[in-house]
Amino acid sequence: MIEAWSAADVRAAEEPLLAAGVPLMERASFALATQVLRDLRARRRSVRGARVALLVGAGNNGGDALHAGAYLARRGVAVTAVLVAERAHAAGLAALRAAGGRVEALHEAPERLGGVAGDVARSDVVLDGLLGIGARGALRGLAADLVRVLDAGPRPWVVAVDLPSGIGVDDGTVPGPVLRADRTVTFGAAKPGLLLPPAAHLVGELTVVDIGLALRAEPAVRRLEPADVGRAWPVPGPGDHKYTRGVVGVVAGTSTYPGAAVLAASAAVRAGAGMVRYVGPPAVGQAVLAVRPEVVTAPGRVQAWALGSGVPVGFGTAQAGRDEGQHRRARTALAEAAGRPGSPVERTVPAVVDAGGLDLLEPTSPPWFVLTPHAGELAALLRRRGEDVEREAVEAEPVRWARRARELTGATVLLKGSVTVVAGMDGTYAQADAPAWLATAGSGDVLAGVLGAMLAARSADVVGRPALSAEVASATALMHGLAWRRAGQGGPVAALEIAGAVPAVVADLLPRG
Ligand SMILES: NC(=O)C1=CN([C@@H]2O[C@H](COP(=O)(O)OP(=O)(O)OC[C@H]3O[C@@H](n4cnc5c(N)ncnc54)[C@H](O)[C@@H]3O)[C@@H](O)[C@H]2O)[C@@H](O)CC1
Ligand SMILES: Nc1ncnc2c1ncn2[C@@H]1O[C@H](COP(=O)(O)OP(=O)(O)O)[C@@H](O)[C@H]1O
Ligand SMILES: [K+]
C-alpha cells in the first residue's frame, strides 16, 4: 500500500527532526541525486559530460534541487541552475557553485526566457525544483512562464523534486501550468496530490524516499497495491459452502439493455460468488442464463446486491415505463439492504449502486452502500442534492466532489475514471490501475458485479464495520485494472473478457502456501 500524508502532517513530522539537527535536506538531495544518476546511466553511456538543468524556485524545494545538482556536478555532470525567483536557497546555491555548477539568474534577465528554455529542453535530465509542499495556488510569474514555454517544446526527461511544481499538494488539482514529470522523487512520504487525479497523471513513476520521518497522523489518501488485494481476497475454507461464500443479488439490465445484466452477473460469478441470483424480466434472465448457466433466477436471500447497471435513469419519466419493473425491484432491494422500517432485519446487507440505481436512492443511505458513478453520474447525483455542479467540475476536483457526495448521501462513493477515487467513512483511496482501454461500454457493469461478489463474501464484516467498504471497493478497482492487463495484453479488450480474466488474476495474487 502507498500512503500519502498532507503537507501539514509532513511538516509536523519534519519539525522535531529539524530542531534536533537531523540533516533532512542532505538525505533528500542525496537520494534525489542517486536516482538521477541511475536515470542518466539508463539513458546514455556515460554520466560524465551529461547535462542536467535545475529549475530552482524560492524555497527549500529549490534547495533540494541545488544540493542534488552539487552532488551531480562532483560526478562530472554539467549542471546549470535556472533561478526564477529573487530568493534561492543560499546554502544550496553555494554548494552548487563550489562544485563547479553554472547559475543562470533568469529572474534578472527574463527576456532570455526563450533561449534559456531551449537550453533546458536540450538537457539529458531536468530537475523541477520550482515548488514543493509550500506551493500556494497555481504556479505564478516567471516560473509559470518557463513551464509554459517548456511544455510547448520537445520534452526532455523530467524528474520532479518532491512533486510536480504547481499541483494542488493535498487535493490533486491542476490549477495552472505544470511540467509533466517522467519520475517524481518524493521525500518522507507520498503527498495526496501525487495519488489523486487529475495531478496523478503528471507524476510519472513515483519513488518515495525514506528520510526518517515518523508520520503519526492517519494518511490522507491510500493506494492499494496487488499484494494488498491478494491478502484481502476472500478465500473459501473447508467449512464453507455456497451460502457462506456469499450470494449476490443482481438487479441489472432491461430488455433495452440486457447486456448489462449479462456482464454484471458474469463478473460476479467469475469473481467467486457462492451463488448469483438474477432479479429482473424473464427475457433478460434467459439472456443471462445463456451465457452463465450457473446463475439462479429463483428469488431468495442474498448477502449483497449489485443493482442499477443497465437500468435507465429517470424514474417517473416515459423511459421508466419501459423498465419492466426493474426500478421497483431495485427500490425494494435498496430498502431491505438499508434496513428501512418494515424490512426483515437479516436482509440488511451491502449494496453496489450503479448507473440508474443512483437515481433511486433515498436522501441518505448507509455507509455499506457503495455508489459507483462516473463523473457525469456523480454531477447529476450532487445536483439532485442541491449542489450546482457539472461533469467538468467533478473532473477538475474529483476528490472534493466524491467526498461531498459521501457527506450528502452517507454512502461510500467510488468515482470511476482513469484514476478511481473512493471516499469512505474513514479515508480516501485512489487507484490508478486502469489504462484508457478500460473505458469501454460494459466495463463498469463488470466492476459492479465483481464488487457485488466481494461485498457478499464479507457481508457481515462490512455491515458491522462499514469503513471496510472503501477498502473492498478500492481492491475491486485494482482487480478490474489487473484483469484488463491479463485479458487485453496491453491492447483493447471487451468487457466480458475483463470478467473472464478475474480468476487467473486472483490465483496469481493469492499468497502461496
Ligand atoms: N523542511 C525541510 O528541511 C525539508 C524540506 N524539504 C523540501 O522543502 C520543500 C518545502 O519547502 P518550502 O517550505 O520552502 O516550500 P517551497 O519550496 O514549496 O517554496 C515555497 C515558496 O515558493 C513561493 N511560492 C509559493 N507558491 C507559489 C506559486 N504558486 N507560484 C510561485 N511561487 C510560489 C513562495 O515564495 C514560498 O515561500 C519540500 O517540498 C521539500 O522539497 C526536503 O528537503 C526535506 C526536508
Ligand atoms: N480514461 C480512462 N482510463 C482508464 N479507465 C477508465 C477511463 N475512463 C473510464 N475508465 C474506467 O472504465 C469503466 C467505465 O465504466 P462506466 O463509465 O460505468 O461504463 P459502462 O456503464 O459502459 O460500463 C470504469 O471502471 C472506469 O474507471
Ligand atoms: K517540485
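Just so it is clear, the structure is predicted and the values come from calculations on it, not from any experiment. Throughout, numbering of the chain's residues begins at 1 and tracks the sequence. Every number for a ligand or one of its atoms is a count from 1 in the order of the listing.
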Visitor: Among protein heavy atoms, which lies nearest atom 8 (O) of ligand 1, and at what distance?
Guide: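 Result: N60 CB, 3.0 Å.
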Visitor: State the atoms of ligand 2, each with its element, that fall below the 4.0 Å cut-off from a heavy-atom position in H480.
Guide: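 Here the atoms of ligand 2 in question are 25 (O).
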Visitor: Please check whether I133 reaches ligand 1 - meaning an N/O of the residue sits under 3.5 Å from an N/O of the ligand, judged on distance alone.
Guide: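 So ligand 1 has an N or O lying under 3.5 Å from an N or O of I133.
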Visitor: Can you list the ligand 2 atoms lying under 4.0 Å from a non-hydrogen atom of T420?
Guide: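 Reading through ligand 2 atom by atom, the close ones are 27 (O).
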Visitor: Quick one: do the T428 and R222 side chains pair a donor with an acceptor below 3.5 Å?
Guide: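 No, no side-chain donor-acceptor contact under 3.5 Å.
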Visitor: First locate atom CD of Q326, then atom OG of S309, and finally report the distance between them rounded to the nearest 0.5 Å.
Guide: 11.0 Å
Visitor: Under 4.0 Å from ligand 1, counting heavy atoms only, is it the side chain of L130, its backbone, both or neither?
Guide: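 Neither; nothing of L130 gets under 4.0 Å from ligand 1.
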Visitor: Side-chain donor-acceptor pair under 3.5 Å between W157 and D124, yes or no?
Guide: no
Visitor: So which bit of D445 gets within less than 4.0 Å of ligand 2, heavy atoms only: side chain, backbone, both or neither?
Guide: both
Visitor: Got a salt bridge between R148 and D145, using NZ or NE/NH1/NH2 to carboxylate O under 4.0 Å?
Guide: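 Looking at D145 together with R148, the answer is yes, because their closest N to O distance falls below 4.0 Å.
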Visitor: Ignoring hydrogens, just give me the one of V22, D64, L18 whose non-hydrogen atom is nearest atom 6 (N) of ligand 1.
Guide: D64
Visitor: For R329, which of V279, L307, V311 qualifies under side-chain contact (heavy atoms from CB on, under 4.5 Å)?
Guide: V279
Visitor: Write out the residue and atom name of the closest protein heavy atom to atom 9 (C) of ligand 2, then the distance separating them to 0.1 Å.
Guide: A439 CB, 3.7 Å
Visitor: Look at atom 23 (C) of ligand 1 and find which of L131, V169, L163 reaches it with the closest heavy atom.
Guide: L131
Visitor: For L24, counting its heavy atoms only, list the atoms of ligand 1 lying under 4.0 Å from any of them.
Guide: 45 (C)
Visitor: Who passes side-chain hydrogen bond (donor to acceptor under 3.5 Å, both in side chains) against T420, sequence neighbours left out?
Guide: none
Visitor: Polar-atom distance check: L438 versus ligand 2, any N or O pair below 3.5 Å?
Guide: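 Yes, at least one N or O pair falls under 3.5 Å.
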Visitor: Under a 4.0 Å threshold between the charged nitrogen and the carboxylate oxygen, would R112 count as salt-bridged to E104?
Guide: yes
Visitor: How close do A405 and L381 get, heavy atom to heavy atom, and via which atoms?
Guide: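 It is CB-CD2, 4.1 Å.
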Visitor: Which option wins on minimum heavy-atom distance to atom 22 (O) of ligand 2: G444, S309, G442?
Guide: G442
Visitor: Looking only at distances, can you tell me whether any N or O atom of G417, backbone or side chain, sits closer than 3.5 Å to an N or O atom of ligand 2?
Guide: yes
Visitor: I'd like to check which ligand 1 atoms, numbered from 1 as shown, lie under 4.0 Å from a non-hydrogen atom of A135.
Guide: 18 (O), 26 (N)
Visitor: Considering non-hydrogen atoms only, spot the tightest contact between P164 and V178 and give its length.
Guide: CB-CG1, 3.7 Å
Visitor: Could you please tell me which protein N, O or S atoms lie under 3.4 Å from the K ion (ligand 3)?
Guide: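 Listed by chain and number, the nearby protein N, O or S atoms are N61 OD1, D128 O, L131 O, V161 O, L163 O, S165 OG.
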Visitor: Identify, by atom number and element, the atoms of ligand 1 in contact range of G137, meaning under 4.0 Å from any of its heavy atoms.
Guide: 29 (N)
Visitor: Among all protein heavy atoms, pick out the one at the shortest distance from atom 19 (O) of ligand 1; state its residue, atom name and that distance to 0.1 Å.
Guide: G59 CA, 3.6 Å
Visitor: Using a heavy-atom cut-off of under 4.0 Å, does the side chain or the backbone of A355 touch ligand 2, or both, or neither?
Guide: neither
Visitor: Would you mind telling me if ligand 1 is within reach of the side chain of A138, the backbone, both or neither, using heavy atoms under 4.0 Å?
Guide: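 Just the backbone.
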Visitor: Is there a polar contact between ligand 1 and V161, counting only N or O atoms under 3.5 Å apart?
Guide: no
Visitor: Is a donor from one side chain sitting under 3.5 angstrom from an acceptor on the other, for D170 and S6?
Guide: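 Their side chains do not contain a donor-acceptor pair, so the 3.5 Å distance test is not met.
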Visitor: Only heavy atoms of A434, strictly under 4.0 Å: list the atoms of ligand 2 that pass.
Guide: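 Ligand 2 atoms under the 4.0 Å threshold to A434: 3 (N), 4 (C), 5 (N).
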Visitor: I need the single residue from V52, L96, V125 that forms a side-chain contact (heavy atoms from CB on, under 4.5 Å) with L72. Which is it?
Guide: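 Single pass found, and it is V52.
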Visitor: Between R155 and D182, does any NZ, NE, NH1 or NH2 come within less than 4.0 Å of an OD or OE carboxylate oxygen?
Guide: yes
Visitor: Of all the atoms in ligand 1, which lie at a distance below 4.0 Å from a heavy atom belonging to G132?
Guide: 16 (P), 17 (O), 18 (O), 39 (O)
Visitor: Which residue holds the protein heavy atom closest to atom 13 (C) of ligand 2, what is that atom called, and what is the gap in Å?
Guide: S443 OG, 3.2 Å
Visitor: Using a 4.0 Å cutoff against the non-hydrogen atoms of R11, which atoms of ligand 1 qualify?
Guide: 13 (O)
Visitor: Give the atoms of ligand 2, by number and element, whose distance to some non-hydrogen atom of P435 is under 4.0 Å.
Guide: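 The atoms of ligand 2 under 4.0 Å from a heavy atom of P435 are 3 (N), 4 (C), 5 (N).
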Visitor: Within the 4.0 Å heavy-atom shell around L139, which atoms of ligand 1 are there?
Guide: 29 (N), 30 (N)
Visitor: Would you mind finding which of N61, L17, V209 brings a heavy atom closest to atom 17 (O) of ligand 1?
Guide: N61
Visitor: Report the part of E14 in contact with ligand 1, treating N, CA, C, O as backbone and CB onward as side chain, heavy atoms under 4.0 Å; options are side chain, backbone, both, neither.
Guide: side chain
Visitor: Measure across T412 and R406 and return the closest heavy-atom pair with its distance rounded to 0.1 Å.
Guide: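 Nearest pair, atom of T412 first, then R406: CA-CG, 4.3 Å.
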Visitor: Determine whether any protein heavy atom is located less than 4.0 Å from atom 33 (C) of ligand 1.
Guide: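 Yes; the ligand atom in question has protein heavy-atom contact below 4.0 Å.
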Visitor: Could you find the nearest protein heavy atom to atom 16 (P) of ligand 2 and give me its residue, atom name and distance?
Guide: K416 NZ, 3.7 Å
Visitor: Under a 3.5 Å cutoff, is there a donor and acceptor pairing between the side chains of S29 and D64?
Guide: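 No, no side-chain donor-acceptor pair sits under 3.5 Å.
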Visitor: Considering the heavy atoms of R87, write down every atom of ligand 1 situated less than 4.0 Å from one of them.
Guide: 35 (O), 37 (O)
Visitor: Given side-chain contact (heavy atoms from CB on, under 4.5 Å), test R384 with L358 step by step and report yes or no.
Guide: CA-CA 10 Å; R384 286 197 293 276; L358 297 167; 4.2 Å; yes
Visitor: So, 4.0 Å and heavy atoms of R27: is ligand 1 close enough to count as a contact?
Guide: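 R27 does not count as a contact of ligand 1 under the 4.0 Å cut-off.
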Visitor: In ligand 1, which numbered atoms sit nearer than 4.0 Å to a non-hydrogen atom of R136?
Guide: 25 (C), 26 (N), 28 (C), 29 (N)
Visitor: Could you tell me whether D354 and ligand 2 have an N or O pair separated by under 3.5 Å?
Guide: no
Visitor: Report yes or no: does a heavy atom of G57 sit under 4.0 Å from some atom of ligand 1?
Guide: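 So G57 does not count as touching ligand 1.
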Visitor: Is T186 close to L163 at the side-chain level, that is, under 4.5 Å between some pair of heavy atoms?
Guide: no
Visitor: Answer yes or no: is there an ion pair linking D162 with K191, defined by an N-O contact shorter than 4.0 Å?
Guide: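 Judged by the 4.0 Å cut-off on N to carboxylate O distance, D162 and K191 do form a salt bridge.
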Visitor: Any salt bridge linking D354 with K416? Criterion: basic side-chain nitrogen under 4.0 Å from a carboxylate oxygen.
Guide: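 Counted as a salt bridge, because a side-chain N and a carboxylate O are separated by less than 4.0 Å.
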Visitor: Only heavy atoms of A441, strictly under 4.0 Å: list the atoms of ligand 2 that pass.
Guide: 22 (O)
Visitor: Are R11 and E15 within salt-bridge range, i.e. N to O under 4.0 Å?
Guide: no
